Novice: 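Take this structure, written in structure tokens, and hold onto it; I'll ask about it next.
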Amino acid sequence: MAERMLKFVGTSQAMPDKRPAAERRRDFDEIYSSYAREKAAEQAARCSQCGVPFCQIHCPLSNNIPDWLKLTAEGRLEEAYELSSATNNFPEICGRICPQDRLCEGNCVIEKGFDAVTIGSVEKFITDTAWSQGWVKPIRPRRERTESVGIIGAGPAGLAAAEQLRRKGYQVAVYDRYDRVGGLMIYGIPNFKLEKDIVQRRETLLRDSKVTFHLDCEIGRDISLEELRRRHSAVLIATGVYKARDIQAPGVGLPGIAAALDYLTASNRSGLGDSVPGIESGALHAEGKNVVVVGGGDTAMDCVRTAVRQGAKSVKCLYRRDRANMPGSQREVKHAEEEGVEFVWLSAPQAFLGKANSDGERVSHVRTVRIHLGMPDASGRQAPQEIPNSHVNIEADLVLKALGFDPENLPEALAAPDLGVTSWGTLDIDWRSMMTSLEGVFAAGDIVRGASLVVWAVRDGRDAAERIHAYLATKALAAQRIAAE
Ligand code: FAD
Ligand code: SF4
Ligand code: SF4
């Protein structure tokens, strides 16, 4: 092993080629190309095969990273794929969009001094190769079971659970209010991070595995939760969190101010070929506009970079803390800066000013105030404090609010008053069984955790599938016993 691995001293870290910013600004294609086979092997061989792999400890899926890196370095790609797909339903997706700098790579032991092993890029390479070689096959369970599971939500949590349950032979039906499969992977995350055909080939695989999809079907509106519970032996709620947090400031209702997810969904739909009124009217399009995005998370980063690609005149990101304290990935900030986004740190909106034109009044400026970070609050984060008389007016024709998401009122939306929720509005589950307060109804993903990451949704979906299997197996056993008595 030593001959092939441990090459981090002599071999520098090399990411796959990144397209120049000037080229990236003109299209929505992914910004990184793929490794060539030799490059992937060379980079995988930088791993020092740690006895205690911190990369694996900090991967939410506990991926067996050192072993698949070694297999890649040895050119044993099919085995690397088998191993990597054993713990992750979407390795090529996580390889693209996990914030690796905060997870696996940020904790790679060679990071200090030699730059981390490029784990995400190798993971993506392995599974993209598996797809191109035909190694990714539909599921053919060893035995079919009669019990069926209804899953509400075709995002990563619902899809990971669907795949795992199908592997065990359950009949799986996924319901989604959207017209496409993928949740935020299809309508939230932009193409330049995750091209849509990557998500769509996963959908095809699940359909070929005999998972059924009921799209344009909102539970609570088109079918009741009660009806779903009658139809299926168990139900999984994986509905994500979609209630956008708003800004409390004068003028926030002016035309020209939009919610980030409405803007990103319109852009993604348009990229998929849909006709989108907000794009056609220009209301949700940034071309020729001065764009101001308020927020510092992943959604804000996606908005600023989308606005650049739509041909905005200028793009500014307003964030009330500083670079070191922002929730978004530092890698994303770097990409955005390269693409021409200006970050206005320590700055918050105080009011939105309008200007009348032939169409009526529209937003024209954001009145901002400078922020000083004070003493840490109960959460340990420094509390932002406004600096008196520090106002600046920033020109803005389109303002996008990207302040995060809260759960909808699910007991109300699902007409299920007995469905228990936490004080945050997320679903209250028994963490051992992952069951909600309703018998046979489980929950996973953002609706339990609050707005999080795809990799955590996959983890939760897998865990929920295990718990549903345990629940149904126990029930089947009890039924057999009663029948035998
Ligand atoms: P979702 O993906 O939200 O899927 C929930 C599904 O449930 C949706 O399809 C919805 O239509 C459906 N649904 C809801 N209610 C009903 C109902 N009543 N009936 C039927 N269907 C219903 N994470 C990363 O790891 N990396 C990133 O780079 C990243 N970027 C992001 C960018 C943006 C703009 C956003 C908003 C999020 C981003 N995330 C990212 C977070 C990630 O997308 C989520 O954490 C993840 O998708 C959550 O998965 P989920 O399955 O719980 O929910
Ligand atoms: Fe890293 Fe995410 Fe892959 Fe885990 S799933 S190894 S955190 S990129
Ligand atoms: Fe390899 Fe880094 Fe993981 Fe150690 S921490 S096993 S060097 S990838």
Side-chain angles (χ1 to χ4, degrees), residues 5-6 8 44 46-63 65-66 68-70 84 87-88 90-91 93-100 102-105 107-111 114 116-117 119-124 152-161 174-178 180-190 193-194 214-215 217-223 225 237-242 260-261 264-265 297-303 328-329 332 402 404-405 408 410 413-414 444-449 451-461:
M5 303 302 287
L6 293 154
F8 61 92
R46 295 181 69 241
C47 170
S48 75
Q49 299 284 283
C50 303
V52 181
F54 284 100
C55 55
Q56 181 169 5
I57 294 167
H58 289 271
C59 166
L61 291 161
S62 302
N63 280 344
I65 300 165
W68 47 250
L69 286 173
K70 183 166 179 283
S84 118
T87 50
N88 190 352
F90 314 124
I93 295 178
C94 293
R96 284 171 164 84
I97 59 163
C98 270
Q100 286 103 4
R102 298 205 304 258
L103 300 171
C104 53
E105 294 179 18
N107 290 281
C108 171
V109 294
I110 65 166
E111 167 75 1
F114 293 96
V117 178
I119 300 168
S121 302
V122 175
E123 187 178 28
K124 168 185 151 188
I152 316 174
L159 296 183
V174 183
Y175 301 79
D176 203 294
R177 63 185 175 192
Y178 280 155
R180 288 190 175 90
V181 168
L184 288 173
M185 297 192 297
I186 201 94
Y187 285 142
I189 300 172
K193 279 166 56 182
L194 176 63
H214 303 266
L215 301 179
C217 178
E218 181 167 335
I219 305 306
R221 188 194 63 191
D222 302 313
I223 303 178
L225 180 62
I237 303 179
T239 48
V241 290
Y242 283 87
L261 196 56
L264 291 172
T265 305
D298 282 333
T299 306
M301 295 309 101
D302 290 348
C303 286
S329 157
E332 294 297 309
F405 303 93
E408 291 157 272
L410 219 53
L414 297 179
D446 279 4
I447 191 57
V448 175
R449 217 174 253 287
S452 180
L453 294 171
V454 165
V455 65
W456 279 113
V458 173
R459 167 69 196 262
D460 292 348

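If you're wondering where the values come from, they're calculated on a predicted model, not measured in any experiment. By convention here, the first residue in the shown sequence is residue 1. Order of appearance sets the numbers: ligands from 1, and atoms from 1 within every ligand.
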Novice: Can you pull out the closest protein heavy atom to atom 4 (Fe) of ligand 3? Residue, atom name and distance to 0.1 Å, please.
Specialist: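 In this structure, atom 4 (Fe) of ligand 3 has Cys50 SG, 2.3 Å as its nearest protein heavy atom.
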
Novice: Show me which atoms of ligand 2 lie under 4.0 Å from any heavy atom of Val455.
Specialist: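 Counting from 1, the qualifying ligand atoms are 5 (S).
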
Novice: Does the N or O separation between Glu408 and ligand 1 drop below 3.5 Å for any pair?
Specialist: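 In this structure, Glu408 places no N or O atom under 3.5 Å from an N or O of ligand 1.
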
Novice: If the cut-off is 2.8 Å, does any N/O/S atom of Cys94 fall short of it from atom 1 (Fe) of ligand 2?
Specialist: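 No N, O or S atom of Cys94 is closer than 2.8 Å to atom 1 (Fe) of ligand 2, so no.
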
Novice: To check your reading of the model: name the closest protein heavy atom to atom 2 (Fe) of ligand 3, its residue, and the distance in Å.
Specialist: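 Minimum-distance protein heavy atom for atom 2 (Fe) of ligand 3 reads Cys108 SG, 2.4 Å.
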
Novice: Under 4.0 Å from a heavy atom of Ala157: which atoms of ligand 1 are those, numbered in the order shown and with their elements?
Specialist: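 Under 4.0 Å from Ala157, ligand 1 has these atoms: 51 (O), 52 (O).
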
Novice: Should one rank Ala451, Gly461, Ser452, Gly404 by closest heavy-atom distance to atom 41 (C) of ligand 1, which comes out on top?
Specialist: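 Looking at heavy atoms only, Ser452 sits closest to atom 41 (C) of ligand 1.
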
Novice: Nearest protein heavy-atom contact for atom 3 (Fe) of ligand 3: which residue, which atom, what distance?
Specialist: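 Checked against all protein heavy atoms, atom 3 (Fe) of ligand 3 sits closest to Cys55 SG, 2.3 Å.
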
Novice: To check your reading of the model: name the closest protein heavy atom to atom 8 (S) of ligand 2, its residue, and the distance in Å.
Specialist: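 The protein heavy atom lying closest is Glu123 OE1, 3.2 Å.
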
Novice: Quick one: which of Ile93, Ile97, Asp302 has a heavy atom closest to atom 26 (N) of ligand 1?
Specialist: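 Considering heavy atoms of Ile93, Ile97, Asp302, the nearest to atom 26 (N) of ligand 1 sits in Ile97.
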
Novice: Should one rank Ile189, Leu184, Asp446 by closest heavy-atom distance to atom 29 (C) of ligand 1, which comes out on top?
Specialist: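 When every heavy atom of Ile189, Leu184, Asp446 is considered, Ile189 comes closest to atom 29 (C) of ligand 1.
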
Novice: Is the number of heavy atoms from other residues, nucleotides or ligands under 6.0 Å of Tyr242 OH greater than 12?
Specialist: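 Atom OH in Tyr242 is packed in, count exceeds 12.
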
Novice: Looking only at protein heavy atoms, which one is nearest to atom 7 (S) of ligand 3, and how far off is it?
Specialist: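 Nearest protein contact, heavy atoms only, for atom 7 (S) of ligand 3 is Ser48 N, 3.3 Å.
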
Novice: To check you understand the geometry: which heavy-atom pair defines the closest contact between Ile110 and Ala116, and what is its length?
Specialist: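 Here Ile110 and Ala116 meet closest at CG1-CA, 4.2 Å.
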
Novice: Between Arg180 and Leu215, is there a donor-acceptor pair closer than 3.5 Å when you use the side chain of the first and the backbone of the second?
Specialist: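 Between the backbone of Leu215 and the side chain of Arg180 there is no qualifying donor-acceptor contact (under 3.5 Å).
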
Novice: What residue and atom, counting heavy atoms only, is the protein's closest point to atom 1 (Fe) of ligand 3, and at what distance?
Specialist: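 Sorting protein heavy atoms by distance from atom 1 (Fe) of ligand 3 puts Cys47 SG, 2.4 Å first.
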
Novice: Could you tell me, atom by atom, which parts of ligand 2 come under 4.0 Å of a heavy atom of Cys98?
Specialist: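 Selected atoms, number and element: 2 (Fe), 5 (S), 8 (S).
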
Novice: Could you tell me, atom by atom, which parts of ligand 2 come under 4.0 Å of a heavy atom of Asn63?
Specialist: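 Contacts of ligand 2 toward Asn63, numbered from 1: 3 (Fe), 4 (Fe), 5 (S), 6 (S).
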
Novice: State the atoms of ligand 3, each with its element, that fall below the 4.0 Å cut-off from a heavy-atom position in Leu69.
Specialist: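 Close to Leu69: 8 (S).
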
Novice: Which ligand 1 atoms does Cys217 reach within 4.0 Å, using its non-hydrogen atoms?
Specialist: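 Near Cys217, meaning under 4.0 Å from one of its heavy atoms, ligand 1 has 19 (N), 20 (C).
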
